[in-house]
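In what follows, a single structure is set out as structure tokens and then discussed.
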Amino acid sequence: MSLRPIFVVAGVGNGSGTRSFSEAGYSVALIARNVCALQELADELNGSGGDAHIFPIESYTAAAIHSAFDLIADHWASSPLTVALFNATSDVRGAFLDITSAQLKESVDTNIVASFAFAREAILAFKAQPTHDGKSGTLLFTGATASPRRNMTTSAFAIGKFGIRALAQSLAKEFGKENIHVAHVIIDGDKTEWISFAMASDDID
Ligand SMILES: *[C@@H]1O[C@H](CO)[C@@H](O)[C@H](O)[C@H]1NC(C)=O
Ligand SMILES: *[C@@H]1O[C@H](CO)[C@@H](O)[C@H](O)[C@H]1NC(C)=O
Ligand SMILES: *[C@@H]1O[C@H](CO)[C@@H](O)[C@H](O)[C@H]1NC(C)=O
Ligand SMILES: *[C@@H]1O[C@H](CO)[C@@H](O)[C@H](O)[C@H]1NC(C)=O
């Protein structure tokens, strides 16, 4: 079997984006909380010539994410991890006075604490492997309209999304010089606001 590069994604949704990575020849490591949906997607990708494996986690804690990356490294022991995408989110919305501290914690944990842990694992993996064409790896974060702008019901959600964007910018500055490409990509919403930060790491500001 030829050696495919690994694409690891946390938060796969309906899998539409992940399918593209599989079709492009990546081994696909699926990390998410919904085991049934994950298994279905992995079976589908495998069925169409892909190489997908699931790494379900109960919640996006640092420990669970660390274990998932260990299992991924064991599963594809000699393949390089070239792309890691943090695509998980907790979309807590509501009028400010209705948002509970538990909901705020859910947003902070799933958006900020989890993306921080995910980034740590991805960067450690990139640094531990040889470079490919001078590149060490690409770390992507999914953003939303709420990443650069707030709205009336987004107090908890936007805090989480702003946090991910802040993390992405900081990592781009710190690791761009080590040929680790870090990008934050806003994928939803108002077409005129489609801002893509998917450019050279040091261009992110
Ligand atoms: C990221 O999540 C969104 C929303 O759940 C989904 O539509 C998209 O396909 C996911 N991206 C990838 C690469 O799986
Ligand atoms: C997946 O979800 C996205 C939006 O999140 C939607 O645009 C797309 O049509 C969905 N694809 C499938 C196969 O359901
Ligand atoms: C897909 O196939 C690969 C090997 O070809 C295997 O490692 C993996 O477990 C399979 N995934 C599923 C969900 O069956
Ligand atoms: C802000 O929220 C309002 C009310 O929900 C909505 O109509 C509007 O489209 C939102 N604006 C943006 C930029 O998301």
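Every number for a ligand or one of its atoms is a count from 1 in the order of the listing. The structure presented is a predicted model; accordingly, all values stated were derived computationally and were not measured.
Ring to ring, Phe55 and Phe69 are not that close: their centroids are 6.0 angstrom or more apart.
Some N or O of Gly17 is nearer than 3.5 Å to an N or O of ligand 1, by distance alone.
Residue-ligand proximity, Thr18 to ligand 1, at heavy-atom distances under 4.0 Å covers atoms 12 (C), 13 (C), 14 (O). Of all atoms in ligand 1, listed by their number and element, those nearer than 4.0 Å to a heavy atom of Leu85 are 13 (C).
Of the possible donor and acceptor atoms, one in the side chain of Ser107 sits under 3.5 Å from a partner among the backbone N and O of Ala156. In terms of modelled atom types and a separation under 3.5 Å, the side chain of Asp133 and the main chain of Lys135 share no donor-acceptor contact.
The only option from Asn87, Val83, Thr142, Leu140 that meets the side-chain contact (heavy atoms from CB on, under 4.5 Å) definition with Val9 turns out to be Asn87.
Contacts between Thr142 and ligand 1 below 4.0 angstrom, taking non-hydrogen atoms only, are absent altogether.
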